[in-house]
Number of protein chains: 2
Amino acid sequence: MTTIYDVARKANVSAMTVSRVINNTGRISDKTRMKVRHAMEELHYIPNFMARSLVVQETKILSLLITDITNPFFTTLARGAEDAAKQFGYRLMFGNSDEDLDKEKDYVDMVLSTRVDGVLFAPAGDGSLTHLQKLAKHNVPFVIIDRTVPGVECDTVLGDSRTGARLLTEHLISLGHRRIALINGSSQVSTARDRYAGFVEALKQSGLAPDPQLSAETGYKPIEPRELLSRWMALPAKPTAVFAANNFLAIGVIRCLRDMGLSVPEDVSVVCFDDLGLESAINPFLTVAAQPAYTFGSMGMQLLIERIRGEAAPEYRSVVLQPELIVRRSSAPPRS
Amino acid sequence: MTTIYDVARKANVSAMTVSRVINNTGRISDKTRMKVRHAMEELHYIPNFMARSLVVQETKILSLLITDITNPFFTTLARGAEDAAKQFGYRLMFGNSDEDLDKEKDYVDMVLSTRVDGVLFAPAGDGSLTHLQKLAKHNVPFVIIDRTVPGVECDTVLGDSRTGARLLTEHLISLGHRRIALINGSSQVSTARDRYAGFVEALKQSGLAPDPQLSAETGYKPIEPRELLSRWMALPAKPTAVFAANNFLAIGVIRCLRDMGLSVPEDVSVVCFDDLGLESAINPFLTVAAQPAYTFGSMGMQLLIERIRGEAAPEYRSVVLQPELIVRRSSAPPRS
DNA sequence: GCAGGGTGAGTTATCGATAACCCTACCCGA
DNA sequence: TCGGGTAGGGTTATCGATAACTCACCCTGC
């Protein structure tokens, strides 16, 4: 690889002069500038960003940590983040924690040793506290997206899970459902708690008592909750609707129900959080509380970059994005 | 940030000794090793990978360039790539070319200045030649995935687009379709050419003549080809089936058809390349030639890492992955 | 008693770039 | 003619780490 010194030698100037031409700093005569430019082109010179990082203490790399790269919510978010990062001249390093705190820890270590300028962080759960504290201790700016972590103070971009859950539940109740089951993410994840709260709130407002038997916690990862559904559907007072706390869970539920010979929404209605991406384009089926995923990413990135540049006010900002209830075919009145 | 020198001072040894402890090289007595370890912990020392990169001439960063991060094919591929990279101790930098050669160029420049150890490259099209040559000129190892680029010699992981297209077309023909329209990616992209070839091949084998009027080239990006479909459906000999060259196009086609009051598959059958991700899980609707996206990523990464490590044979390898025809509801016999 | 060899560590140069300081013309006005 | 300002560019140290060499010490065997 050719270096700044090769260019300097070729152009008959000092390395510093080349550096000045590259960064457009200092005073350089047009003649010298041209000479250097030509030398750079002839040698196909490309600046070594890593070497630069070492002295200016800035890598121009940001890191995005998400919990599932196959979930359309997060890929759309990633796109928002990437677009924003690029716009401000940053590169992006991705990481995938898989909702797993151990993987998340590994990733945080990688991030620290890469000396990235900042992290856009979708925490795997409350246990992410340690990891975020580690970032803070090393003065790495970060912004949390999608989920809060108790004990962590920072800029955040969140969805209003509670309201979304309430809307979905109210929708089911208004259709006439009285026995609604909830399949939820881990209670170690803030959105799962909020969705639970919104769910219960809506039930109580309608004078319904939440039934502990109809509430389960399986985590957000894609699964097929066969046993759970068999148990539910074997109850004397079996549910007529299921509220799945995310898209993957809804899909698992629907597949299991169909395998059990039950159809959606005739036998059981299903609603969930987050849209499904392409699916909703041609076969809009699931009733969902859709979140503006792209905005989560772009807005989060913007907060992060402002923080890095020191343009942000000292107090932390929290952006809350509202979900939108989209009623589709998967929810219908219960069979009387 | 604490450096190796801080640790050295605290442990009363030289920086070199600390380096040896970190990398487990050279000879160190257990006593010294412990002393250094403790100092590292007390100071919360984290090695600076960038500084290391500068001297060992290796960043342990690989780069993955895809053409659309929102397409489930590429996100699944990305996951495969990430898993493989992580397994071998590499970090991943993502880039998104959006099927756009200009963006791709920017990205290649970024990649070069970051001095990544290698690139897994899904080219935007034949015009990527220049970019790949640039990588080659700077001795950056790369592996091409999904699409070939004429004029470039390197390891590749490809799908058998021709066979897939043939299978889909034969399927339509066997259902009784005789007038099949093709909506394709740009002819500047190898897969689009191959899919066209497979399509024509299947037609000819059945004694059908490809009709130029029924073949269009819109690119792989998501669009709603309203005019195109109106024109097609206004033809005296209008098509009874549409072969969409990727999932996005199929979705656009289906939406437009529905807007026109036509239903799939009753009025028009639709088939396409690549599955849709979540959608196929609950509402398997589209007949597709599904490709093993995860394998594209993991296999590509494996080839790349072998090449970087010098473990690969000098001659280039080309892996061809077979698509699988999955017949679903979107294809049916034509209305007689 | 001493050459020879292995142990455990330190010294110095280097990776590619930039910050901070320094130097030399040249120009201009008093 | 001389002091001082400025344009244009060079020198040197430094970022954080590692490679390559060096060195002191102790052990061993003849």
Side-chain angles (χ1 to χ4, degrees), chain A residues 1-37 39-40 43-61 109-117 138-140, chain B residues 1-37 39-40 43-61 109-117 138-140:
Chain A
M1 278 285 197
T2 91
T3 75
I4 205 169
Y5 296 98
D6 301 325
V7 176
R9 199 172 315 122
K10 179 123 195 162
N12 239 308
V13 297
S14 74
M16 199 57 224
T17 302
V18 179
S19 171
R20 289 192 178 106
V21 171
I22 295 170
N23 298 295
N24 227 332
T25 56
R27 289 183 240 280
I28 302 285
S29 71
D30 285 350
K31 208 176 74 189
T32 308
R33 192 190 311 282
M34 282 308 149
K35 222 170 37 176
V36 171
R37 289 249 167 86
M40 291 189 349
L43 298 176
H44 305 296
Y45 169 73
I46 292 186
N48 184 327
F49 232 99
M50 296 300 145
R52 175 173 209 280
S53 303
L54 197 57
V55 30
V56 301
Q57 304 278 40
E58 169 192 76
T59 54
K60 282 283 179 186
I61 297 179
D109 287 341
M110 273 195 172
V111 154
L112 283 170
S113 59
T114 310
R115 300 291 194 273
V116 301
D117 294 346
H138 290 279
N139 293 313
V140 180
Chain B
M1 277 287 195
T2 92
T3 76
I4 206 169
Y5 295 98
D6 302 324
V7 176
R9 202 174 313 123
K10 178 124 196 160
N12 240 307
V13 297
S14 74
M16 199 55 223
T17 302
V18 179
S19 172
R20 290 192 179 107
V21 171
I22 295 170
N23 298 298
N24 228 333
T25 56
R27 288 184 238 281
I28 302 284
S29 70
D30 284 350
K31 208 176 73 186
T32 308
R33 192 190 311 281
M34 280 308 149
K35 224 170 35 175
V36 172
R37 290 248 167 87
M40 290 188 352
L43 298 175
H44 305 296
Y45 170 71
I46 292 185
N48 185 327
F49 232 98
M50 294 302 145
R52 174 173 210 280
S53 302
L54 197 55
V55 32
V56 301
Q57 303 280 39
E58 169 192 76
T59 54
K60 283 284 180 184
I61 297 179
D109 287 340
M110 273 196 172
V111 154
L112 284 170
S113 60
T114 310
R115 298 292 194 271
V116 301
D117 293 345
H138 289 278
N139 294 312
V140 181

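Treat the numbers as computed from the prediction; the structure is a model and nothing was measured. Only this structure's heavy atoms are used, side chains among them; waters, hydrogens and symmetry mates stay out. Note on naming: letters A, B, ... go to the chains in the order of the sequence lines (proteins, then strands), and numbering restarts at 1 for each one.
- For the helix from C:dG1-D:dC30 to C:dA30-D:dT1, the axis fitted to the five pairs at one end and the axis fitted to the five pairs at the other end meet at an angle of 60° (nearest 10 degrees).
- Between the CE atom of B:Met16 and the P atom of C:dG10 there is a distance of 11 Å, given to the nearest Å.
- Contacts of A:Val18 with the nucleic acid, taken as non-hydrogen atoms under 4.0 Å apart, are absent.
- We find that CG of B:Asn23 is positioned 17 Å from P of D:dG16, with the value rounded to whole Å.
- The side-chain heavy atoms of A:Asn48 and B:Leu54, taken from C-beta on, include a pair separated by under 4.5 Å.
- Rounded to an integer number of Å, the gap from CD1 of A:Ile22 to P of C:dA17 is 7 Å.
- The distance from atom CE of B:Met50 to atom P of C:dA17 is 15 Å, rounded to the nearest whole Å.
- Between the CE atom of A:Met40 and the CD1 atom of A:Ile4 there is a distance of 9.0 Å, given to the nearest 0.5 Å.
- What separates CZ of B:Arg115 from C1' of D:dA17 is a distance of 18 Å, to the nearest Å.
- Close to D:dG16, at under 4.0 Å from its OP1 or OP2, lies a side-chain N or O of A:Gln57.
- Look at A:Ser29 and you'll find a side-chain N or O under 4.0 angstrom from OP1 or OP2 of D:dG9.
- Between the NZ atom of A:Lys31 and the C1' atom of D:dA7 there is a distance of 14 Å, given to the nearest Å.
- In this model, the phosphate group of C:dG8 is not approached by any side-chain N or O of B:Thr32 to a distance below 4.0 Å at OP1 or OP2.
- Residue A:Thr3 places no side-chain N or O under 4.0 Å from the OP1 or OP2 atom of C:dG16.
- With C:dT18, D:dG10, C:dG10 as the candidates, the nucleotide lying closest to the side chain of A:Ser14 is D:dG10.
- Taking only side-chain nitrogens and oxygens, B:Asn48 never comes nearer than 4.0 Å to OP1 or OP2 of D:dC15.
- Rounded to an integer number of Å, the gap from A:Phe49 CZ to D:dC15 C1' is 16 Å.
- You won't find any donor-acceptor pair under 3.5 Å spanning the side chain of A:Arg20 and the base of D:dG8, going by distance alone.
- Comparing B:Thr17 and A:Thr25 against DNA chain C, the residue whose closest nucleotide sits nearer the 5' end is B:Thr17.
- For the atom pair B:Thr32 OG1 and B:Arg27 CZ, the distance stands at 14.0 Å (nearest 0.5 Å).
- The side chain of A:Ser19 contributes an N or O atom lying less than 4.0 Å from OP1 or OP2 of C:dT18.
- Within the structure, every side-chain polar atom (N or O) of A:Tyr5 is placed at least 4.0 Å from both OP1 and OP2 of C:dT14.
- A:Lys10 contributes atom NZ, which lies 10.5 Å from atom OG1 of A:Thr2 (distance to the nearest 0.5 angstrom).
- The shortest side-chain heavy-atom distance between B:Thr114 and B:Thr59 does not fall under the 4.5 Å cut-off.
- At D:dG8, none of the side-chain N or O atoms of A:Arg27 fall inside 4.0 Å of OP1 or OP2 (strictly under the cut-off).
- Straight-line distance from the CE atom of A:Met1 to the P atom of C:dA17: 10 Å, rounded to whole Å.
- Within a 6.0 Å radius of NZ in B:Lys35, other residues, nucleotides and ligands contribute more than 12 heavy atoms.
- A donor-acceptor contact under 3.5 Å is not formed by the side chain of A:Arg33 with the base of D:dG8.
- Not one N or O on the side chain of B:Asn23 forms a donor-acceptor pair closer than 3.5 Å with the backbone of B:Thr25.
- For the atom pair CD of B:Glu58 and OG of B:Ser53, the computed distance is 7.5 Å after rounding to the nearest 0.5 Å.
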